[in-house]
Amino acid sequence: MRWSQTLIPTLKEQPQGAEIPSHVLMLRAGLVAQLMAGAYTYLPLGLRALRKAEQIVREEMDRAGAIEVHMPALAPLELWQRTGRVEAFGNVLIQFQVKRGARQVALALNPTHEEVVTDLVARFVSSYRQLPITLYQIQTKFRNEERPRFGVLRTSEFLMKDAYSFDATLEGLNVSYQKMYDAYCRIFSRCGLSYLPVEAESGPIGGDASHEFMVPAENGEDRILHCGACSYAANLERAEVGQRPPAASPGTQQTLTKVDTPQAGSIEQVSRLLGCRAEQMIKTLIYLADGKPAAVLIRGDHEANENKIRRALGAQRVELAPPEVIRQVTGAPVGFAGPVGLPLELVADLDVANVANAVVGANEADQHYTGANAGRDYQIARYADLRNAIDGDPCPRCGGRMQLRAAIEVGHVFKLGTKYSEALAARFLDENEQQQLAIMGCYGIGVNRIVAALIETSHDTNGIIWPMTLAPYQVILSPLNMQQADVVQAAEELYNELNALGVEVLLDDRDQRPGVKFKDADLIGIPLRVVIGGRALAQGQLELKWRWQAEPSLLPRAGAGQAIARLVQQELAAANARAEA
RNA sequence: CGGGGCGUGGCGCAGUCUGGCUAGCGCGUCUGGUUUGGGACCAGAAGGUCGCAGGUUCAAAUCCUGUCGCCCCGACCA
């Protein structure tokens, strides 16, 4: 492609409203243009990169035995009502009415396709002989994001690869799941991403049933914990906290003292008022576990983790109790609950055991206790891991230090079970002529996020640094002077030669000064740059530079096309080979 | 949905507090010329309902009210 004949609107300055590197660079390099909050046009370069990512995904899905289909973006709202997910999605589900003759038809734009694919399988799969099957598509999803942000990382319309496996048995599901997991590893490796599969909340099936594929990046929206020593990794929701060191020495027990804490119902207010640190305090959270009140103790500076609490209480659902219930149970308004004299069984986080002489609520408005000690002033029924992990916490597997990092979620694999097959009657007949529900898994990849995450983690002050596998073009030719006949001729010859050899090449044929061409070449990040310029050309040489290297090398003009094609192939092969390691 | 910021030629900004002449600057674009190894130079030119609506005033980019859009932080995120 000739630069002069395509559309690459590079920007010299940082666009207003773009802050994170991927957003800034995608706009500056002319990859995308914003139409509105959360909706972007992919311009030629951006589209080519997106297509590369898509093709890698497609190849690995096919290789894993998944079957490609293409489902509609539209769905009848009724389908979503059948699984109860109109409410579950709420405002995120884009729905609207259209007129068809005299009728009003209620439609939705699919934010995901469990309903559609399960309905499809329910219609056409009726025997165990047809299973297992994994269907996938690469298609646009629509979600009315409350707050689109971070450029293409969180948009209302995005390209997603979604796959759905259907199995006759749980063992089958595990096999299907593992195939997808392995395919994901290959995909992200081939795309040149430094990714981490992390354990995620698994919902109804429990166990090892969900993993997210995360790319650690400063601007990521997700938080993960990662142990460098043993490679344990989990998202914040899921991460367990390992064995904590016991308290130094109990020291002397202070006497339990009631103190005035007017208007101080939060950890921050109380600590400021009493001059104590948050870690000397214990917060008493009143939950409704399946509708029944329960008391949970967490150290003042820690965050409660509702999933852990739900499991510890053996409940299906937990939620923070409303103010009426708190008042009824504790006799005090919100913010003054405490363990002393509370008529509920106390379940405490493990770290609470190490807080001696704690500050706790007194179950009385505007009153707290100081010097509270478990065993003497209140009894803990049970200790458990109930809080979110924090940076530096011990690893649950090996005891090493875990690191808290921000990350971009690029993929998610999930064992679904029979939730949708049940709601949409996806049954099959097994070998004993018994009706069974298909057991499902679902597997998503944000294709746009692959591109954005790559840029987010692979750039320098001059611009994007593409891996050969995702680069919009493999080679850029930069003839430095379009007024000089021999330069133009050499560039044209090489351009034709490379095209004939199947190399994806961009010829910067603009009549621009060298500086402009260098800056733009760096900005759009094409891996291999070939400079055709007076100096070297006079000696029958071209200049070759990899985007990730500082210095160029010389290449004889004779046979340059073959040599460059070989270099591209080697680099491509090396990048793809990293996936097999 | 709560908090904050910003809307001025294609892009990035100044001017707004303290109302006042023909609304400026840099980049880009167009014409002519000189240049050609890291975002050239000279000369000339085009391009603006100052987001939109209403109000105050002799006079509004500037003050007031409303409204729309975009960005950031938080809440939310199958």
Side-chain angles (χ1 to χ4, degrees), chain A residues 9-20 23-24 27-28 30 33-40 80 83-94 108 110-118 141-151 153-156 158 160 162 164 200-204 210 212 219-223 235-237 409 412 414 416 419-420 423 440 442-444 446 461-463 478-485 487-488 508 510-524 529-538 541-543 545 550-552:
Chain A
T10 57
L11 264 26
K12 202 178 286 191
E13 290 170 285
Q14 174 165 334
Q16 187 196 44
E19 297 195 354
I20 68 170
H23 192 198
V24 170
L27 291 169
R28 282 196 56 210
Q34 183 173 2
L35 177 63
M36 60 175 199
Y40 289 81
W80 284 86
T83 55
R85 288 218 292 178
V86 174
E87 292 74 28
F89 268 97
N91 197 32
V92 172
L93 182 70
I94 298 177
N110 288 313
T112 176
H113 280 75
E114 281 86 358
E115 277 77 358
V116 180
V117 77
T118 308
K141 300 282 187 273
F142 296 89
R143 293 181 193 182
N144 181 35
E145 285 294 342
E146 296 291 326
R147 193 186 144 207
R149 61 185 131 174
F150 300 139
L153 279 175
R154 179 161 292 274
T155 51
S156 306
F158 55 97
M160 181 164 162
D162 47 326
Y164 307 89
E201 271 307 324
S202 50
S210 175
E212 291 169 344
N219 292 298
E221 288 185 276
D222 292 281
R223 297 285 175 275
N235 70 15
L236 183 60
E237 276 288 276
E409 182 188 350
H412 194 172
F414 195 88
L416 265 180
K419 175 176 174 184
Y420 298 100
M440 295 175 59
C442 73
Y443 317 93
T461 52
N462 292 318
S478 305
L480 293 190
N481 187 339
M482 295 304 286
Q483 304 299 326
Q484 209 174 309
V487 169
V488 173
D508 189 352
R510 296 173 300 169
D511 188 9
Q512 289 287 354
R513 292 173 59 83
V516 175
K517 297 195 176 193
F518 288 140
K519 287 291 185 189
D520 272 348
D522 284 350
L523 181 58
I524 67 173
R529 187 186 76 189
V530 182
V531 165
I532 301 108
R535 278 188 208 156
L537 195 62
Q541 306 268 320
L542 304 171
E543 234 173 69
K545 191 177 98 61
E551 294 304 319

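Every chain is numbered from 1, with letters handed out A, B, ... down the list of sequences.
The separation of B/rG20 from B/rA46, taken at their P atoms, amounts to 27 Å, rounded to a whole angstrom. Between the C1' atoms of B/rA23 and B/rA14, the separation comes to 11 Å (whole Å). Distance check on atom C1': B/rG33 versus B/rG26 gives 23 Å, rounded to whole Å. Between B/rC21 and B/rA43, the distance separating the two P atoms is 28 Å to the nearest Å. Taking atom P in both B/rU29 and B/rG39, the straight-line distance is 16 Å, to the nearest Å. Spacing of C1' atoms, B/rG5 relative to B/rG55, comes out at 26 Å, to the nearest Å. On the C1' atoms, B/rA60 is 15 Å away from B/rU65, given to the nearest whole Å. Taking atom C1' on both B/rG47 and B/rC27, the two are 14 Å apart, rounded to the nearest angstrom.
Checked against B/rC71, B/rC72, B/rG37, the side chain of A/Val531 finds its nearest nucleotide in B/rG37. Across B/rG37, B/rA75, B/rG39, the shortest atom-to-atom separation from the side chain of A/Arg535 is found for B/rG37. Of the candidate nucleotides B/rA78, B/rG37, B/rG39, B/rA78 has the atom lying nearest to any side-chain atom of A/Met160. Here the side chain of A/Arg529 is nearest to one of B/rG38, B/rA78, B/rG28, namely B/rG38. Taking the side chain of A/Glu19 as heavy atoms from C-beta on, and the options B/rG38, B/rC72, B/rC70, the nearest nucleotide is B/rC72. Listed candidates were B/rC73, B/rA78, B/rG38. Nearest to the side chain of A/Arg149 is B/rC73.
Looking at heavy-atom distances under 4.0 Å, A/Val92 makes no contact with the nucleic acid at all. Within 4.0 Å (heavy atoms only), A/Asn462 reaches no atom of the nucleic acid at all. No engagement by A/Asn91 is indicated, since no non-hydrogen atom pair under 4.0 Å with the nucleic acid exists. Residue contacts shown for A/Ala536 include a base, since a base heavy atom lies under 4.0 Å away. When heavy atoms are screened at a 4.0 angstrom cut-off, A/Ala37 is found touching the sugar-phosphate backbone but no base atom.
The side-chain hydrogen bond (donor to acceptor under 3.5 Å, both in side chains) test applied to A/Glu146 returns A/Asn91, not counting sequence neighbours. Taking A/Glu87 as the reference, nothing meets the side chain to side chain contact (heavy atoms under 4.5 Å, CB included) condition, with sequence neighbours excluded. Considering only residues two or more places apart in sequence or on other chains, A/Asn462 meets the side chain to side chain contact (heavy atoms under 4.5 Å, CB included) condition with A/Asp460, A/Lys519, A/Asp522, A/Arg547. Residues satisfying the salt bridge (charged side-chain N to carboxylate O under 4.0 Å, His left out) test with A/Glu237, not counting sequence neighbours, are none. For A/Val516, the side chain to side chain contact (heavy atoms under 4.5 Å, CB included) test picks out A/Arg510, A/Gln512, A/Asp520, with sequence neighbours left out. Here A/His23 pairs with A/Tyr40 under the side-chain hydrogen bond (donor to acceptor under 3.5 Å, both in side chains) rule; sequence neighbours left out. When the salt bridge (charged side-chain N to carboxylate O under 4.0 Å, His left out) test is applied to A/Glu543, no partner is found at least two apart in sequence or on another chain. Under the salt bridge (charged side-chain N to carboxylate O under 4.0 Å, His left out) criterion, A/Arg149 pairs with A/Glu221, sequence neighbours left out. Evaluation of the salt bridge (charged side-chain N to carboxylate O under 4.0 Å, His left out) rule for A/Glu114 yields A/Arg85 as partners, not counting sequence neighbours.
In this structure, A/Asn219 CG and A/Leu153 CG are separated by 8.5 Å, a value rounded to the nearest 0.5 Å.
Atom-to-atom, CZ of A/Arg143 to P of B/rC77 comes out at 12 Å; the value is rounded to the nearest Å. Atoms CG (A/Leu542) and P (B/rG37) sit 17 Å apart, rounded to a whole Å. Atom C1' of nucleotide B/rG74 and atom CZ of A/Arg223 are separated by 13 Å, given to the nearest angstrom. As a whole-Å value, the separation of A/Glu145 CD from B/rC70 C1' is 17 Å. For the pair A/Arg28 CZ and B/rG28 P, the interatomic distance rounds to 14 Å; values are reported in whole Å. Atom NZ in A/Lys519 sits roughly 18 Å away from atom C1' in B/rG28 (whole-Å rounding). Atom CZ in A/Arg154 sits roughly 12 Å away from atom P in B/rC73 (whole-Å rounding). Distance A/Arg147 CZ to B/rG5 P: 15 Å, rounded to the nearest Å.
Put simply, the side chain of A/Tyr164 gets close to the backbone of A/His113: a donor and an acceptor are under 3.5 Å apart. Checked by atom type and distance alone, the side chain of A/Glu145 never pairs as donor or acceptor with a backbone atom of A/Arg147 at under 3.5 Å. No donor-acceptor pair closer than 3.5 Å links the side chain of A/Lys517 to the backbone N or O of A/Leu480.
With a cut-off of 3.5 Å on both Watson-Crick or G-U wobble distances, the partner of B/rG74 is given as B/rC1. For B/rG12, the paired base is B/rC25 (Watson-Crick or G-U wobble, both distances below 3.5 Å). Base pairing of B/rC30 is made with B/rG44, judged by Watson-Crick or G-U wobble geometry with both donor-acceptor distances under 3.5 Å. Partner assigned to B/rC6 is B/rG69, using Watson-Crick or G-U wobble distances below 3.5 angstrom.
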Short heteroatom pairs, N/O only, protein and nucleotides 11-13 of chain B, under 3.5 Å:
from	atom 1	to	atom 2	distance (Å)
B/rG12	OP1	A/Gln16	N	3.2
B/rG12	O2'	A/Glu13	OE2	3.4

Which atom pairs link the protein and nucleotides 32-36 of chain B when you take only N or O atoms and keep those under 3.5 Å?
from	atom 1	to	atom 2	distance (Å)
B/rU35	O2	A/Arg513	NH1	2.8
B/rU36	O2'	A/Asn481	ND2	3.4

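Shown here for A/Leu93 and A/Pro111, the closest heavy-atom pair between the two residues is CD1-CD, 3.5 Å. Nearest approach of A/Trp80 to A/Thr112, heavy atoms of both residues: CZ2-O, 3.5 Å.
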Summarise protein proximity over nucleotides 45-53 of chain B in one line of letters, 5' to 3': B for base, S for sugar-phosphate only, - for none, counting protein heavy atoms closer than 4.0 Å. ---------
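Taking for each of A/Gly38 and A/Glu221 the nucleotide of RNA chain B with the nearest heavy atom, the 5'-most of the two is the partner of A/Gly38. Two residues, A/Gly533 and A/Ala88, neighbour RNA chain B, and the one matched to the more 5' nucleotide by heavy-atom proximity is A/Gly533.
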